[in-house]
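In what follows, a single structure is set out as structure tokens and then discussed.
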Amino acid sequence: MLERIVEQILNKVDIVDVVSSYIPLKRVGVNFRALCPFHTERTPSFYVSPAKQIFHCFGCGVGGNAIHFVMRMENLTFTEALKVLAEKAKIDINLSESKFAKDRALAKQKEELINLHKDCFEYFQEQLYLRKNIEAAKYIIKRRITKETAKRFGLGYCPEKNDLYERLSQKYPKEIIDLSGIFLERNGKNYCRFAGRLIFPIFDTMNRVIAFGGRIITDTSAPKYMNSPDTLIFSKSRILYGLNIAKQSKENEFIVVEGYMDVIALHQEGIDNVVGVLGTALTQDHSFLLRRYKNEVVLCLDSDEAGKRAAIRSADILYQNGLMVRVMELEGAKDPDEYIKKFGKDAFLLKKQNSMFVIDYKIKELKNQYDLSKSDQKFRFVREYFEKILTPISNEVERQEYIKKLSDLTGIDENVIAREFSKKAQKEVRRIENINYFKQVQKKLVLTDIERLKKNEIYLLSLYTQWAPKSEEIKSLLTENDFYTEDIKILFSSIKNLLDEGMELSYSMLLSFITDESILSELTSFSSKGFEDCDTAKKAIEELKLNIKTLELKLELEEAQRQNDAVKITQILNELKKLKAGREGESR
């Protein structure tokens, strides 16, 4: 049974180990904290509970167990995530009889898309070496790409006139061809979006072709580069070009560049640890991808002002996600491809050797904007230094080092800087706490009765799951009739059945039954603090049952009032009076 497989995996893996393999965690009391990998934030609001084996972000509300975390990080189905965790835990599992029909259908679509991309890849490669497509071969020679390099990176060509759609139609259903994003429909006809372009196949880390990039070689009015759109198997914010090759490099770091040609040109010169972003800024997902293989990164982006700004933004993301980051500047060339052709491999490697640690690079760029001999500019520099240099640093030793550097640059006493920064940091923490409190208050203000009812049911289910395995009395306290919302009622029945079968149901496992994101968020944000013994848990359960019954009666009363059912209204009002009297009696 799938439930037994889930139980086995969640008992074997530790969520702290799983999460920390993707993002750096910092212990805070009994829990761990980090910057959330699922939304952009400057102050950590993502928490991992080792006791409950769950995670929750108080910023964006995302929560779940180790399976949900891997699903989100890797863009996987539930059963695919189970397989990943089973491998980590060295557990042999058979998911062929999985009850998740939706997962099976999605996995089948993904498999077909992988096969379709493989067929396209072979077609594009074949076209590159045909005499009639000599212009593509000439372009490769013009860019000084050798035949060996072209084969290594699987370069291809898509002719203006091609029969690719017709070929694929003989093997794949229209739905799959459309899902690939390779074709555009105009006037009832399907055109390959890469027609007339040199093709750069994009591989995942398992060496499967999952997308394509195309470079125009003749028509100057068309966009220079074009990528596949995001699909079931491809997301440009989660893929790095050339990583399938670069991950095998013996170098300690990755060099990150911007374009296909930059990656290819550097690899051709024997610099085999280069990867490229696909026409997008570096993201948190990219940083997790890089951290799987190496802990150090050298950023080598274009040398114009836009490139410098991108370098700082990218460096911040990588650094805050636990990578050691250096920034490399190239003078005399617009990009790494041009630089290595102009000055050679040794000059490039010397530049890499002299690359600057990310914080030092940011200080250099910031300092260039101010004249520190003028008091007003010095004070503005200090304010910006606090915000852009000191605030993002979480390590106290590093922060102290950069307080000293600020003192050296400005002549202001270190202790004065440390005191001022501490005051500013505390003010910022209070500001964020106030914003979060206001958000929580606003949430509470706009809750409808049905939302309040569901929230109470979720809390009740949460306490039941924690305590029913430990206490027969609590296990018998609840029945289906104590719940009003249909999906939570079904969830309760499933949990009770598993407990009756003798399964040791953990809080983490409870979450595996849930597909509703709002319920997951509530269950992972609910704190059971204060209910550490059976009696207090029992009292809380009884209180929640009363709350649910009261809200349920209120909803029934509204319905009776809408229907002008006087008998029903009187009956419900009497029940509400009894509940209120019972509650007041207990409080005395």
Side-chain angles (χ1 to χ4, degrees), residues 71 74-77 79-81 83-84 95-96 100-130 133 136 150-216 223 225-245 260 276 278-280 289:
M71 282 171 72
E74 303 280 3
N75 192 28
L76 300 174
T77 63
T79 45
E80 285 171 336
K83 285 177 186 173
V84 169
L95 291 170
S96 57
F100 283 71
K102 187 180 169 187
D103 277 9
R104 287 206 305 276
L106 194 57
K108 189 173 185 299
Q109 283 185 330
K110 286 183 176 182
E111 188 183 344
E112 285 194 275
L113 282 172
I114 294 285
N115 292 334
L116 181 143
H117 277 77
K118 183 173 181 286
D119 289 343
C120 290
F121 167 63
E122 288 170 358
Y123 175 83
F124 294 142
Q125 275 199 312
E126 177 192 308
Q127 295 299 314
L128 180 62
Y129 299 101
L130 295 180
N133 298 325
K151 284 193 177 294
R152 190 179 184 202
F153 282 87
L155 302 190
Y157 177 67
C158 182
E160 286 282 0
K161 292 179 179 175
N162 63 78
D163 62 346
L164 181 57
Y165 190 88
E166 289 70 25
R167 288 192 186 202
L168 295 172
S169 297
Q170 292 169 20
K171 191 173 176 182
Y172 301 97
K174 185 179 186 302
E175 180 201 7
I176 293 297
I177 299 174
D178 291 346
L179 281 173
S180 74
I182 293 169
F183 297 91
L184 301 166
E185 194 174 327
R186 286 191 219 112
N187 303 320
K189 196 172 177 189
N190 293 284
Y191 297 87
C192 179
R193 70 167 66 235
F194 301 110
R197 293 175 182 271
L198 183 70
I199 302 293
F200 301 88
I202 298 164
F203 296 84
D204 64 12
T205 53
M206 291 184 283
N207 271 315
R208 302 176 303 181
V209 180
I210 55 169
F212 298 100
R215 207 289 185 193
I216 201 78
Y225 283 97
M226 186 175 279
N227 289 330
S228 290
D230 283 6
T231 65
L232 287 175
I233 58 172
F234 170 67
S235 168
K236 64 185 175 185
S237 65
R238 291 169 176 262
I239 292 290
L240 289 161
Y241 182 67
L243 183 60
N244 59 312
I245 299 170
Y260 298 110
L278 297 168
T280 182
L289 195 54

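In this text, all values refer to a predicted model and were calculated from it rather than measured experimentally.
- Here CZ of Arg193 is found 4.5 Å from CG of Leu184. Values are rounded to the nearest 0.5 Å.
- Expressed to the nearest 0.5 Å, how far CZ of Arg208 lies from NZ of Lys118 amounts to 13.0 Å.
- Separation of atoms CG (Leu240) and CD1 (Ile202) is listed at 11.0 Å; rounding is to 0.5 Å.
- Pairing each heavy atom of Met226 with each of Phe194, the nearest pair is O-CE2, 3.6 Å.
- Looking at every heavy atom in both residues, Ala195 comes nearest to Asn162 through CB-ND2, 4.2 Å.
- Contacts of Tyr172 classified as ring pair (Phe, Tyr, Trp, His ring centres under 6.0 Å), with partners at least two apart in sequence or in another chain: none.
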May I have the step-by-step check of side-chain contact (heavy atoms from CB on, under 4.5 Å) for Leu116 and Ile182, ending in yes or no?
CA-CA 10 Å; Leu116 181 143; Ile182 293 169; 3.8 Å; yes
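- Minimum heavy-atom separation, Arg238 to Leu289: O-CD2, 3.1 Å.
- For the pair Cys158 and Cys192, the tightest heavy-atom approach, listed with the atom from each and the gap, is SG-SG, 3.6 Å.
- Across all non-hydrogen atoms, the minimal contact from Gly213 to Asn227 is CA-OD1, 3.6 Å.
- Two residues are said to be in side-chain contact when any heavy atoms from C-beta on lie closer than 4.5 Å; Ile233 and His117 meet this criterion.
- Using modelled atom types, one side-chain atom of Ser228 and one backbone atom of Phe212 make a donor-acceptor pair closer than 3.5 Å.
- For the pair Phe183 and Leu164, the minimum side-chain heavy-atom distance is below 4.5 Å.
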Step by step, would you call Leu179 with Gln109 a side-chain contact (heavy atoms from CB on, under 4.5 Å)?
CA-CA 9 Å; Leu179 281 173; Gln109 283 185 330; 3.8 Å; yes
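- Residues Thr231 and Ile210 are not in side-chain contact: their nearest non-hydrogen atoms beyond the backbone lie 4.5 Å or more apart.
- In this structure, the side chains of Leu278 and Tyr260 come closer than 4.5 Å at one or more pairs of heavy atoms.
- Of the N and O atoms on the side chains of Tyr123 and Asp163, at least one donor lies less than 3.5 Å from an acceptor on the other residue.
- Put simply, the side chain of Glu122 reaches to within 4.5 Å of the side chain of Asp119, judged on heavy atoms.
- The side-chain tip of Arg186 points at the ring of Tyr191 from less than 6.0 angstrom away and within 45° of straight on.
- Rounded to the nearest 0.5 angstrom, Gln125 CD and Leu155 CG are separated by 8.5 Å.
- Counting heavy atoms from C-beta outward, Tyr165 and Glu185 have side chains that stay 4.5 Å or more apart.
- Of all the heavy atoms in Asn75 and Lys110, the pair that sits closest is O-NZ, 3.4 Å.
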For Ile176 and Leu113, run side-chain contact (heavy atoms from CB on, under 4.5 Å): C-alpha distance rounded to whole Å, both residues' side-chain angles, the deciding distance at 0.1 Å, then the answer.
CA-CA 7 Å; Ile176 293 297; Leu113 282 172; 4.0 Å; yes
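- At a threshold of 4.5 Å between non-hydrogen side-chain atoms, the residues Phe203 and Ile245 do not count as touching.
- From Ile199, atom CD1 reaches atom SG of Cys120 across 9.5 Å, with rounding to the nearest 0.5 Å.
- Lys171 contributes atom NZ, which lies 11.5 Å from atom CD1 of Ile177 (distance to the nearest 0.5 angstrom).
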